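By convention in this document, chain letters (A, B, ...) are assigned in the order of the sequence lines, proteins followed by strands, and residues within each chain are numbered from 1. Note that the coordinates shown come from a computational prediction; the quantities given were computed from them, not determined experimentally.
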Amino acid sequence: MSDWQPTASIDALKQRAALLNAIRGYFAERGVMEVETPLLASAPVTDPNIEAIATENPLGGEHPLWLQTSPEFAMKRLLVAGSGAIYQICKAFRRGESGARHNPEFTMLEWYRPELSLNELMDEVAGVIALALGDFPAVNKLSYRQVFKQYLNIDPHTASAAELAGLARQHLDVGFDSDDPDLWLQLLMSSVIEPALPAQNISMIYEFPATQAALAKIEDDDTGQPVARRFEAFYRGMELANGYDELQDASELIRRISRDHAQRQAAGQSRPPIDRYLLKAMQSGLPNCVGVAMGFDRLAMLACQAGRIDEVIAFPVSRV
Amino acid sequence: MAVYSTNEFRSGLKVMLDGEPCSILDNEFVKPGKGQAFNRVKMRNLNTGRVWERTFKSGEQLEGADVMDHEMEYLYNDGEFYHFMDPKSFEQVQADLKAVGDASQWLKEQDLCTVTLYNGAPLSVTPPNFVELEIVETDPGLKGDTAQGGTKPARLSTGATVKVPLFITEGEVIRCDTRSGEYVSRVKS
């Protein structure tokens with residue numbers, strides 16, 4: 001096989017195109033407006049686990065511009081400006097992410113719904129997964145605490161780093177150590193729980209630890225435990241979506257950014273600039289809304305029953 | 001030695017882990033929706049042959065192992081050691097049976113083998129993919145039986161036993177695939 005050729009079959013690309021059409025139809029029916037925002041950004045996300053790719057400033061300015069890691073900030077500015085429900089299908093870029101389900105340049109489907117609850121958003125996400133499958137599997141909604149209790153018999157909100165590390169070492173050969181409970185929770189989630197979720201169902205896991213809130217609201221659950229109002233969607237052991245009841249409090253946003261910066265500094269990572277436009281917009285008042293990001297390439301993988309992302313991308317990074 | 005980060009782990013890369021040279025077989029990037037990325041890495045311990053999976057935090061680094069593959073000519077066995085020579089530099093190394101392992105049953109003098117050296121000493125020996133060897137012992141051939149039908153065991157000059165078609169006779173030279181341990185064809189002399 002010559003390396004100029006696409007890694008995806010033409011048939012897979014046809015299915016990908018059909019899925020794009022179906023998704024656009026799905027949102028048109030629901031009155032959600034398609035928008036386009038720039039791929040270039042003056043400030044990338046501050047999340048210590050996401051690295052943006054810097055580019056030269058096209059106007060020759062002294063600061064680089066960044067390829068977006070998601071369209072979240074620009075779309076939130078539109079929401080503040082009164083756009084109402086919006087969606088976008090665009091490219092996003094993340095440094096170093098490459099593997100069977102990752103390509104550093106990928107296609108994101110992201111949407112925001114000022115009218116819906118987080119629970120209704122989960123149903124809408126299940127509807128998009130069903131479009132890719134051509135079938136509507138049963139949807140299981142389970143809290144983060146429920147899955148950890150069910151699969152590992154531990155309460156993720158109260159367990160210590162040492163307890164979680166011990167549990168991880170029972171299942172996996174791990175060389176590193178950490179006193180950060182979230183690292184162990186993320187490892188157990190992605191390496192032990194995810195592969196064990198029932199393959200025939202769509203699983204929606206909600207109420208994440210407050211320490212993994214990203215830009216979601218933190219509220220008490222029915223036991224009085226503060227949790228992040230966030231969910232992730234899984235199907236066939238693959239993570240497909242990340243949904244949020246979006247944080248509205250601008251001063252809380254600033255606190256979370258400074259926490260990200262502190263964590264980055266401690267780990268010897270760069271501290272990216274802060275998006276001033278986002279801060280100003282948030283101070284003007286983001287409407288109460290829920291939002292979700294889905295990996296479109298992974299949906300195409302489901303549509304094509306592909307095991308590798310390369311099978312649904314014409315030219316992955318190894319062929320550009 | 002060079003240092004490699006998890007995103008440089010490729011199949012075939014040799015690294016040091018817990019003081020042992022290991023070969024990377026597979027590297028899977030795993031990332032939760034939000035949070036720390038990990039690499040699930042399948043490795044083979046080159047000393048023990050053990051294959052297992054180790055999970056790394058993405059970005060963790062391992063030192064490269066001074067493990068090199070050399071094409072070397074098999075010279076002879078002195079009863080204890082197997083001797084190999086680099087055909088260009090004429091440099092010789094000796095390998096014990098532990099390093100030679102199952103390759104010993106395919107080693108014919110003057111054949112070119114891959115000798116894996118770790119810190120300059122042989123760690124393992126891989127015979128050529130195809131070898132041509134003489135049959136020293138097998139049941140008498142069956143006249144008229146040419147292509148199809150059953151097989152019978154045949155012992156080769158180097159000690160290996162392979163299944164051959166019934167028409168093959170003692171003293172004949174056959175071509176074998178050392179990876180599968182199977183008969184390939186007769187070699188016309």
Tell me which of these, [options], has more heavy-atom pairs under 4.5 Å with chain B than the rest.
options: S178(A), G99(A), P48(A), S191(A); value: S191(A)
options: L187(A), D182(A), L172(A); value: L187(A)
options: G96(A), S98(A), A100(A), A293(A); value: S98(A)

Check each atom of F38(B) against the heavy atoms of chain A and say whether the ones under 4.5 Å are side chain, backbone, both or neither. side chain
Which atoms of E53(B) come close to chain A, meaning under 4.5 Å heavy atom to heavy atom: side chain ones, backbone ones, both, or neither? backbone
Under the criterion side-chain contact (heavy atoms from CB on, under 4.5 Å), I'd like the reasoning laid out for L183(A) against K57(B): C-alpha separation, chi angles, the key distance, then a yes or no. CA-CA 9 Å; L183(A) 180 135; K57(B) 276 196 292 185; 3.4 Å; yes
Correct closest heavy-atom pair for S190(A) and R40(B) would be O-NH1, 4.2 Å
I need the minimum non-hydrogen distance between H102(A) and F29(B), along with the two atoms involved. ND1-CD2, 3.3 Å
Under the side-chain contact (heavy atoms from CB on, under 4.5 Å) rule, what do V174(A) and R54(B) come out as? Steps first, then yes or no, please. CA-CA 6 Å; V174(A) 174; R54(B) 159 81 61 119; 5.9 Å; no
Can you tell which part of R230(A) gets under 4.5 Å to a heavy atom of chain B, answering side chain, backbone, both or neither? side chain
Under a 3.5 Å distance rule, please check whether K31(B) uses its side chain to pair with a backbone N or O of N49(A) as donor and acceptor. yes
Are the side chain of Q186(A) and the backbone of Q36(B) linked by a donor-acceptor contact shorter than 3.5 Å? yes
Near [X] [atom1], under 6.0 Å, is it more than 12 heavy atoms from other residues, nucleotides or ligands?
X: D102(B); atom1: CG; result: no
X: K42(B); atom1: NZ; result: no
X: N119(B); atom1: CG; result: yes

Looking only at G35(B), A37(B), S58(B), most heavy-atom pairs under 4.5 Å shared with chain A are made by G35(B)
Here the gap from N7(B) atom CG to R95(A) atom CZ, rounded to the nearest 0.5 Å, amounts to 10.0 Å
